[in-house]
Amino acid sequence: MIGYKAKDALQNGWVISETAFDARYLAKFETIFSQGNGYMGLRAATEESYAGERRNLFVAGTFNRFANQEVTELPNAADMLQLDIRLNGIPFHLEKGMIHSYRRELDLRQGELRRDIVWEDGQGAQFKLCFRRFVSMSNLHLLGMRVEITPLTQPAEISIVSGINGQMTNSGAQHFLEGERRIFEKELLQLTAVTSQSNMEFVHTSAHQLYRRGTRLQAYPSPSMERRKVRLTYRVQADAGETISLDKIASVHTSIDADWTGEQNGRPPLAEFARDNLLAAACKGYDQLFEDHAQAWQRRWESTGIEIGSSDDFDQLSIRFAQYHLAIMTPAHDSRFSIGAKGLTGEGYKGHVFWDTEIFILPYFLYTEPGTARKLAEYRYHTLNGARKNALDRGYRGAMYPWESAVTGEEETPEWGPVDVVTGTPTYIWTGKIEQHITADVAYGAWHYYQATGDQEYMDRYGYEIVMETATFWASRLEWNEEKQRYHITDVIGPDEYKEHVSNNAYTNYMAYWNIKKAIECTRRLMQTGNEVYTRLEQKLSLNERLKEWEEKAQRIYLPQPDAESLLIPQDDTYLELQVIDLEKYRNQEQVASILADYSMTQLSDIQVSKQADILVLFYLLEDWFSKEVKAANWHYYEPKTLHDSSLSLSTHSLLACDVHDLDLAYEMFAKAARIDLGTNMHSCDEGIHAASIGGIRKAAIMGFGGVRSWEGMLRLNPMLPNAWERLSFPLYWQGVRLQVTVTRDQLVVERISSEANAGSDLREMNILIHGRPYALKDQLIINSF
């Protein structure tokens, strides 16, 4: 069903294909074949319509709250892809007639979706249909599609209905108020709408061009309008062997677009602005627009491409698939927005932003596209006031970041979820109330960005304030335990979401401690400089007063310590005392969360079972705080109790398996993580791509097998290739310098490719730790038998 076109004329591992049509699996391919450019994401619904399809077009940052809905979500914008094709009056539909050949494929190299079909209708007439589609990487507002229809056995009348359909919903929730419908110059359509609560204007525009054998026809399509719809109908006669093609260039603009709101006074109305831009683009024609788009992708691959020499071509493909989706899901154009848990590929999680961004996705951009990484780091500053409101509403000080974030930074987690198998009622979702480690994760992301880039201007304007306000939250969140004479953190959820209402979750406590200690360090550093940054923050935050509280409380936070004999660190106060059961039946099932068919969330709280990596994540984030022996002991204890029911888990465990030198298991987990979306489970990603897992695949490869780590401004390389790989080569940006790292079985090569202007022309050498030994890099470093 899923094919991987491993080899072509240039390189292997570029093309994913669907080799047979089956309407039961529409959602799978709609997700993995999604296209986008960070501004918008287009789910890969087919041109013809099928029951169960999910036609989604999302624009980053355009959140709206439906009338009585609890939280905001990205609204499903108007559909511009659907075509009603009739051949000799018979609707083209793959569940009718006969399919003689079928192939749909996504070319990752150019971000192009292609579909080629030979279809026979019920009367015995055969047709060849070719569909092409792209979402432009060179013009963020633009998408293009082309359909070519060739009668093969007899002349035919071809009818194509194309339009803009504003009747789309989010699973029944209609987020738009209808605006204007217009037809201009016979073949130009426009539909406007306004979101019902957030009052954002959307403008959809499309232009059409009809061709016979490559020559444009003077077409006179029939126009029509319905509620929230505007359409054109083309009818043309074609001889056998004669190709009729329709090109459609379409665009989306919104009233929050920076390229419109940033215009000077006297800017035109948004609809006019959108129309002018589309006409200018359409004049170039489909082929030139696609060429511009393809060149933008080529430049991206040249600067970010990762190459794997593996015995399994799927490994190379999976990395490119991850990089492709990271590119199309990330709003690199605007720091007001961030990455949703499903990117822009589906309605899952409503487009909300989680800790996924800082811990699983940000590292990719830190080391490949630092400019984009800065945008993601700035997003958390734009939502800082919302985080402050969250803290105040809960009776705390400082900034408490939401578990699910949208535009404002206020909490967006729904209150109710799936059914409880014991009570038969909806499950209450506690994460928005008590999964608070996100606040330290955000601070860690800001600091990690600073360490990897050396971007002092970011830290001065945004980063210090994030670190200090989050530390203030933790200082107010700590609870004094008189008996233990320690500060505890009670009633939380750690990364392991199968454990609710626990106390002293090790991950949460350690990260809170790190957050406060980092605020102390930053404050003391600023005090020594006495510059305007310190003056501004002192006036705004009363740093001297806060510093005293941070220092007093940091000394007395309870940090669970390794047991003297077993070296185990308790995940929380009770985990090691809970019941132990046989988990094998749940660990070996393709369907995730199968344990919830037998146990409720309340019951899982009494069992030594973890949804995903919890304390083990500390060994990656704060790796210098724990010995190799402690890491290994906890790995061997907790991993067998982890079901990997979160898509975040396998890639994390793969990375950590490298740290304990179990490369066979690390590769096995990498391979499983790479198949969460791209594998043969035909319903694994119906609701959208697993964005954190996509980021984690790259982490497992580059930070696991490539051994890339950083700690307090020092770059480390500890490569160790799995048996299946002979070579790994990847770009690596570090503090303004672009490096190229190539790892083989017996050699490590680090080359200095270029330096950014702000890296300083006098930078002569860079210090790198390689397997614990310091090396100085000037232009090239070659290490044999490392």
Side-chain angles (χ1 to χ4, degrees), residues 61 63 65 70-72 331 334-341 349-359 361-362 374-415 429-450 458-478 489 491-495 507-508 511-516 518-519 522-523 536-537 540-543 546 549-550:
F63 288 93
R65 181 177 285 106
E70 295 175 352
V71 297
T72 66
D334 199 321
S335 65
R336 294 174 295 170
F337 317 131
S338 190
I339 304 170
Y349 295 113
K350 303 181 184 298
H352 295 167
V353 181
F354 292 72
W355 73 314
D356 306 17
T357 302
E358 278 72 27
I359 306 304
I361 299 174
L362 181 63
R374 169 152 177 166
K375 295 285 182 61
L376 296 174
E378 285 183 15
Y379 165 78
R380 293 298 191 177
Y381 186 82
H382 294 317
T383 59
L384 182 57
N385 283 335
R388 288 180 172 121
K389 183 178 184 299
N390 291 338
L392 187 63
D393 290 347
R394 297 291 303 280
Y396 302 121
R397 293 178 285 114
M400 173 184 168
Y401 277 92
W403 181 242
E404 298 187 29
S405 180
V407 172
T408 66
E410 297 178 36
E411 186 60 67
E412 297 286 357
T413 304
E415 290 192 353
I429 301 175
W430 283 102
T431 52
K433 299 291 191 296
I434 59 176
E435 191 157 1
Q436 296 167 341
H437 65 81
I438 176 71
T439 296
D441 301 331
V442 169
Y444 185 93
W447 184 254
H448 195 188
Y449 168 77
Y450 174 49
Y458 162 81
M459 208 63 193
D460 291 345
R461 291 185 62 183
Y462 310 118
Y464 287 129
E465 194 168 344
I466 290 173
V467 171
M468 292 165 182
E469 283 288 70
T470 50
T472 299
F473 161 74
W474 289 115
S476 68
R477 176 66 176 85
L478 296 175
I489 303 177
D491 193 25
V492 297
I493 300 173
Y507 179 91
T508 303
M511 290 300 291
Y513 174 72
W514 173 89
N515 198 165
I516 294 174
K518 191 56 62 181
C522 290
T523 301
R536 172 171 52 83
L537 291 174
K540 187 173 185 178
L541 304 179
S542 301
L543 289 183
R546 293 191 187 192
E549 180 187 18
W550 293 335

Next on the checklist: I'd like to check T508 versus R477 (side-chain heavy atoms, cut-off strictly below 4.5 Å). Are they in contact?
Outcome noted: no

Item to check | E469 (side chain) donor-acceptor with A399 (main chain) under 3.5 angstrom | outcome: no

Checklist entry - Does OH belonging to Y396 count more than 12 external heavy atoms closer than 6.0 Å? => result yes

Item to check | Side-chain donor or acceptor of N390 paired with backbone N/O of M400 under 3.5 Å | outcome: yes

Checklist entry - Are side-chain heavy atoms of F337 and H382 found at a separation under 4.5 Å? => result no

Next on the checklist: If you apply the rule salt bridge (Lys or Arg N to Asp or Glu O under 4.0 Å), what do you find for E465 with R380, and how did you get there?
Outcome noted: CA-CA 11 Å; E465 194 168 344; R380 293 298 191 177; over 6 Å; no

Checklist entry - Can you find a heavy atom in the side chain of E412 that is under 4.5 Å from one in the side chain of R65? => result yes

Item to check | Residue pair T523 / Y464, side-chain heavy-atom distance below 4.5 Å | outcome: no

Next on the checklist: Centre-to-centre under 6.0 Å for W447 and Y444, is that the case here?
Outcome noted: no

Checklist entry - Taking side chain as C-beta onward, heavy atoms only, is V492 less than 4.5 Å from Y507? => result no

Item to check | Whether F63 and H352 hold their rings parallel, tilted or perpendicular, with breakpoints at 30° and 60° | outcome: tilted

Next on the checklist: Strictly distance-based, threshold 3.5 Å: is any side-chain N or O of S476 a donor or acceptor partner for the main-chain N or O of R397?
Outcome noted: yes

Next on the checklist: Can you confirm if the aromatic rings of W403 and H437 lie within a centre distance of less than 6.0 Å?
Outcome noted: yes

Checklist entry - Say you draw a straight line from CD1 of I361 to OG of S338; how long is it, rounded to the nearest 0.5 Å? => result 7.5 Å

Checklist entry - Do the side chains of T408 and T383 get nearer than 4.5 Å, heavy atoms only? => result no

Checklist entry - Regarding S405 and Y379, is there a side-chain donor-to-acceptor distance under 3.5 Å anywhere? => result yes

Item to check | Heavy-atom pair of closest approach, residues M459 and V467 | outcome: CE-CG2, 4.2 Å

Item to check | pair P331-K375: side-chain heavy atoms closer than 4.5 Å | outcome: no

Item to check | Interatomic spacing from CG in L392 to CG in N385 - rounded to 0.5 Å | outcome: 11.5 Å

Checklist outcome for this item: Here the pair of heavy atoms bringing A341 nearest to Y349 is CB-CD1, 3.8 Å

Checklist entry - Counting distance only, does the side-chain N/O of E411 pair as donor-acceptor with the main-chain N or O of E404 below 3.5 Å? => result yes

Checklist entry - Step by step, would you call Y401 with I466 a side-chain contact (heavy atoms from CB on, under 4.5 Å)? => result CA-CA 10 Å; Y401 277 92; I466 290 173; 3.9 Å; yes

Item to check | Exam field: side chain R546 to backbone L541, donor-acceptor pair closer than 3.5 Å | outcome: yes

Item to check | Minimum side-chain heavy-atom gap D356-I339 below 4.5 Å | outcome: no

Next on the checklist: T470 and side-chain hydrogen bond (donor to acceptor under 3.5 Å, both in side chains): which single residue from D441, N515, T439 fits?
Outcome noted: N515

Checklist entry - So Y458 and Y449, would you call those rings parallel, tilted or perpendicular, with 30° and 60° as cut-offs? => result perpendicular

Item to check | ring pair (Phe, Tyr, Trp, His ring centres under 6.0 Å) against Y381, all qualifying residues, sequence neighbours excluded | outcome: Y462

